[in-house]
Amino acid sequence: MLCSGVASARPVVRLHLAGTLVRQAGGRVSEKPIDGLVLKAGDLVRYTIAATNSGTSPALALVPVGQIPKATSYVPGSAHANGATPEFTLDGKSWSPRPLLITKTPRGTISRPADPALYRAVRWISRHPLAANKRVVYSYDVRVNGHSSK
């Protein structure tokens with residue numbers, strides 16, 4: 001007896017976002033989930049995005065995005081993930097590893113690197129697909145600017 005069928009292989013990617021308050025005291029680092037905490041100016045928050053592919057084929061075009069909350073500033077150099085390059089946006093439309101501020105003047109256009117405090121989100125461009133049954137963690141830090149935030 002012959003059976004016919006179509007093999008179905010597909011990625012199944014789940015993303016999990018978590019934020020922790022990072023404190024350093026006496027050379028030790030501690031992290032505490034931010035859920036329910038009132039954050040104060042100067043607090044350092046580490047966001048992690050865990051991507052898990054529980055499917056049967058690689059996720060080819062995974063581009064996770066982490067928002068930088070209002071009243072916080074991105075901490076330069078803190079975006080990390082194995083095998084991925086971070087890019088940032090000032091407006092949610094254009095992305096770059098080093099966004100530029102472009103100013104038009106009577107003498108022409110001036111471009112200069114944007115202050116990381118102006119970044120609104122970070123995304124990661126992976127150099128390789130996320131293999132089936134694998135996990136990768138992306139992370140970035142922000143500092144609370146002024147007012148209490150949650």
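Pairing each heavy atom of Ala121 with each of Ile68, the nearest pair is N-CD1, 3.7 Å. Across Thr56 and Ala132, no two heavy atoms sit closer than the pair C-CB, 3.8 Å. Taking each heavy atom of Arg120 and Pro69 in turn, the nearest pair found is NH2-O, 3.2 Å. Closest approach of Pro97 to Phe88, counting heavy atoms only: O-CD1, 3.5 Å. For Val63 against Ile125, the heavy-atom pair with the smallest separation is CG1-CD1, 3.9 Å. Contact between Gly42 and Arg143 at its shortest, heavy atoms only, is O-NH1, 2.7 Å.
Taken from CZ in Arg112 to CG in Leu101, the straight-line distance is 5.0 Å, to the nearest 0.5 Å. The structure places NE2 of His16 at 11.0 Å from CD1 of Ile49, a figure rounded to the nearest 0.5 Å. Here OG of Ser30 is found 7.5 Å from CG of Leu21. Values are rounded to the nearest 0.5 Å. Separation of atoms CZ (Arg127) and CG (Asn82) is listed at 9.0 Å; rounding is to 0.5 Å. Atom CG in Leu17 sits 9.0 Å away from atom CG in Leu15 (nearest 0.5 Å). Between the CD1 atom in Ile102 and the CD1 atom in Ile110 there is a gap of 11.5 Å [rounded to 0.5 Å].
Asp43 is listed as a side-chain neighbour of Arg23, based on a closest heavy-atom distance under 4.5 Å. Contact of the Leu62 side chain with the Asn53 side chain is not registered, since no non-hydrogen atoms from C-beta on lie closer than 4.5 Å. With a 4.5 Å cut-off on side-chain heavy atoms, Glu87 and Ser96 do not count as touching. In this structure, the side chains of Val144 and Lys40 stay at 4.5 Å or more apart for every pair of heavy atoms. Two residues are said to be in side-chain contact when any heavy atoms from C-beta on lie closer than 4.5 Å; Leu90 and Tyr119 meet this criterion.
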- Query: For Val45 and Thr72, what are the C-alpha separation, side-chain angles and deciding distance, and is it a side-chain contact (heavy atoms from CB on, under 4.5 Å)?
  - Reply: CA-CA 9 Å; Val45 176; Thr72 69; over 6 Å; no

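Paired with Tyr47 under the rule ring-ring contact (aromatic ring centres under 6.0 Å, His included), one option of Tyr74, Tyr138, Tyr140 passes, and it is Tyr140.
At least one donor-acceptor pair under 3.5 Å links the side chain of Thr89 to the backbone N or O of Asp91.
Cluster annotation: Ile34 is not connected to Leu44 through the hydrophobic network of ILVMFWY side chains, with a link wherever side-chain heavy atoms come within less than 4.5 Å.
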